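The structure displayed is predicted, hence computed values, not measured ones.
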Amino acid sequence: MKIQAVTIFPEFFDVLDISLLGKAQEQNILDFSAVNLRDYTHDKHRTVDDSPYGGGAGMLMKAEPWGEALDELLAKDGSTVLVVPTPAGELFNQELAAELATKEHIVFACGRYEGIDQRVFDWAATKSEMKMISLGDYVLNGGEVAALAMIEAIARLIPGVIGNAESLVEESHSNGLLEYPSYTKPAIWRDLEVPEVLRSGNHAEIAKWRLEQAIERTKRIRPDLLD
């Protein structure tokens, strides 16, 4: 998979060079690059923003540099998926991450200030598939943090990125439930014991216990998922 992020802070994405996603890039499973939006400006100040029509607080990102960047990055055959991290988008979840993990090329458009000129989205939607996605019901300073979270959630679902693919099966949200609690050695730590059923060796009972715990945790913490 090829993933690119357009941003005025490309150094934000250096963290993707470490851990599992760094290894995935070394193994050519994942091809990631950060693209500096200022490279598509033509004035000495490399300006990417201007005041919004109609007034209001803050500045808005200009259409011109975004248009030139996307002219270069979006595949001519329309196969690219343009993802715009924005609190005005649909809510990101595991199902959406799994859908995006099947795509060949994703470009993240990381806005700043008060956002990006709407005409960029109107134009881009005629050239490729476009998704406006929110990480949650809150506002960040820019799209980079949200893009990082989404890239990790998406990329780890690509075959070969996670060493043991079975570990993906029972994670939180993989079956609509939060994940059950987990334990490792020692059996007793600070007078707290690992549940006896997990030490029993009875795999049927362990599976039953884990499901019950997942349901109970989901009911207590995220009852909306059960609805």
Side-chain angles (χ1 to χ4, degrees), residues 1 3 5 12-13 15-16 18-24 29-30 81 83-103 106 108 110-111 115 131-227:
M1 172 187 280
I3 298 179
F12 238 109
F13 295 90
V15 67
L16 295 180
I18 63 175
S19 191
L20 292 177
L21 298 195
K23 292 179 181 178
I29 298 172
L30 175 65
V81 179
V83 174
V84 183
T86 168
E90 64 177 303
L91 193 62
F92 186 68
N93 56 27
Q94 190 71 7
E95 183 180 358
L96 186 50
E99 176 191 337
L100 291 171
T102 66
K103 306 299 183 179
I106 302 175
F108 284 85
C110 300
K131 290 184 176 293
M132 303 180 74
I133 303 177
S134 171
L135 201 61
D137 295 333
Y138 47 86
V139 179
L140 300 169
N141 287 333
E144 289 81 8
V145 170
L148 276 171
M150 286 188 259
I151 289 169
E152 178 153 317
I154 293 164
R156 66 194 302 278
L157 299 177
I158 300 170
V161 172
I162 299 294
N164 182 5
E166 291 184 5
S167 65
L168 299 173
V169 176
E170 296 182 345
E171 292 181 321
S172 289
H173 305 292
S174 60
N175 61 353
L177 300 172
L178 300 185
E179 189 175 6
Y180 52 78
S182 300
Y183 303 83
T184 187
K185 297 178 180 64
I188 301 176
W189 176 78
R190 296 187 180 181
D191 296 327
L192 298 171
E193 292 191 36
V194 173
E196 184 177 350
V197 63
L198 298 180
R199 294 176 282 157
S200 69
N202 187 325
H203 296 294
E205 287 300 312
I206 290 172
K208 178 183 176 183
W209 179 89
R210 285 175 169 170
L211 177 59
E212 291 172 347
Q213 291 294 311
I215 294 172
E216 190 280 330
R217 175 179 277 184
T218 305
K219 186 183 299 183
R220 175 167 45 87
I221 299 175
R222 289 289 305 277
D224 57 297
L225 295 177
L226 297 177
D227 292 339

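Rounded to the nearest 0.5 angstrom, I106 CD1 and L100 CG are separated by 4.5 Å. Atoms NZ and CG, on K219 and L178 in that order, are 13.0 Å from each other to the nearest 0.5 Å. Rounding to the nearest 0.5 Å places CD1 of I215 at 14.5 Å from CZ of R210. A distance of 11.0 Å separates CG in L135 from CG in N93, rounded to the nearest 0.5 Å. To the nearest 0.5 angstrom, I151 atom CD1 is 4.5 Å from F108 atom CZ. Taking CZ of R199 as the start and CD1 of I206 as the end, the distance is 11.0 Å to the nearest 0.5 Å.
Of all the heavy atoms in G160 and I29, the pair that sits closest is O-CD1, 3.5 Å. Closest approach of C110 to A147, counting heavy atoms only: SG-CB, 3.8 Å. When all heavy atoms are compared, the tightest approach of V83 to M150 is CG1-SD, 4.4 Å. The two residues A101 and L157 come nearest to each other via the heavy atoms CB-CB, 3.9 Å. The minimum heavy-atom distance linking A155 with L21 is given by the pair CB-CD2, 3.6 Å. Closest of all the heavy-atom pairs between P85 and A146 is CB-CB, 3.9 Å.
Within a 6.0 Å radius of CD in Q213, other residues, nucleotides and ligands contribute more than 12 heavy atoms. Within 6.0 Å of atom CG in D224, more than 12 heavy atoms from other residues, nucleotides or ligands are found, so the atom counts as buried in its surroundings. In the displayed structure, K131 atom NZ is contacted under 6.0 Å by more than 12 heavy atoms of other residues, nucleotides or ligands.
Contact annotation: the side chain of F13 approaches that of L148 to within less than 4.5 Å [non-hydrogen atoms, C-beta and beyond]. Annotation: side chain of R156 is not in contact with side chain of L20 (no heavy-atom distance under 4.5 Å). The shortest side-chain heavy-atom distance between L225 and L177 does not fall under the 4.5 Å cut-off.
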Problem - Pair F12-V145, side chain to side chain contact (heavy atoms under 4.5 Å, CB included): steps then yes or no - result: CA-CA 8 Å; F12 238 109; V145 170; 3.8 Å; yes

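With hydrogens and angles ignored, the 3.5 Å screen pairs a side-chain donor or acceptor of R217 with a backbone N or O of E179.
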